[in-house]
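Presented below is the structure to which this report refers.
What you see below is based on every heavy atom in this structure, not just the backbone, and it leaves out hydrogens, waters and symmetry mates. Worth saying up front: this structure is predicted, and the values here are computed from it rather than measured. One-based numbering along the sequence shown.
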Amino acid sequence: KHKKILVTGGAGFVGSIYANDCYEGNEVFCLDNFFTGQKQNIVHLLDNPYFELIRHDVTMPFFIE
């Protein structure tokens with residue numbers, strides 16, 4: 001079944017591995033504030049239509065449809 005998955009810190013080392021493993025067959029939303037995460041960790045996912053990178057600090061409220 002198709003799932004929507006939210007990965008916080010998704011551009012970090014561990015988060016990027018998790019995002020990479022989850023995206024196949026699912027819609028993955030990657031939130032990262034880029035304090036320590038790096039875009040190069042998830043650049044290979046950016047062209048995937050089921051992957052969305054959102055720059056956001058999770059200490060602030062986040063709303064998504």
Side-chain angles (χ1 to χ4, degrees):
K1 183 181 177 187
H2 175 81
K3 298 177 184 176
K4 292 184 179 184
I5 299 171
L6 173 65
V7 180
T8 58
F13 178 72
V14 174
S16 64
I17 293 170
Y18 186 70
N20 191 58
D21 289 345
C22 290
Y23 86 92
E24 193 168 320
N26 297 304
E27 190 171 357
V28 176
F29 297 92
C30 171
L31 263 65
D32 204 298
N33 59 9
F34 292 99
F35 286 159
T36 59
Q38 298 178 7
K39 195 172 184 178
Q40 69 185 18
N41 290 337
I42 45 94
V43 71
H44 63 284
L45 298 172
L46 295 177
D47 288 333
N48 186 317
Y50 297 104
F51 180 84
E52 185 172 344
L53 172 62
I54 303 166
R55 185 179 195 126
H56 184 77
D57 189 335
V58 295
T59 62
M60 303 297 292
F62 177 74
F63 302 97
I64 191 168
E65 292 181 22

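Atoms OG1 and NE2, from T8 and H56 in turn, are 10.5 Å apart once rounded to the nearest 0.5 Å. I5 CD1 to Y50 OH: the interatomic distance, rounded to the nearest 0.5 Å, is 13.5 Å. Taken from CG in N26 to NE2 in H2, the straight-line distance is 6.5 Å, to the nearest 0.5 Å. Note that CD1 of I17 and CD1 of I42 are 13.5 Å apart. Values are rounded to the nearest 0.5 Å. With rounding to the nearest 0.5 angstrom, the CG atom of N48 is 10.0 Å from the CG atom of N20.
Summarising the local packing, CZ of F34 is surrounded by more than 12 heavy atoms from other residues, nucleotides or ligands at distances under 6.0 Å. Counting non-hydrogen atoms of other residues, nucleotides and ligands closer than 6.0 Å to CG of D21 gives a total above 12.
Taken together through direct or relayed side-chain contacts under 4.5 Å among Ile, Leu, Val, Met, Phe, Trp and Tyr, L53 and Y18 form part of one hydrophobic cluster. When the side chains of ILVMFWY residues are joined at heavy-atom separations under 4.5 Å, either directly or via intervening members, V7 and F51 end up in a single hydrophobic cluster.
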Notebook entry, point to check: Could you walk me through whether L46 and V43 pass the side-chain contact (heavy atoms from CB on, under 4.5 Å) check?
Noted result: CA-CA 5 Å; L46 295 177; V43 71; 4.0 Å; yes
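Between C30 and A11, the shortest heavy-atom distance links the atoms SG-N, 3.8 Å.
Panel note: side chain D57, backbone T59; a donor-acceptor pair is recorded below 3.5 Å.
The shortest distance between side-chain heavy atoms of I64 and I54 falls below 4.5 Å.
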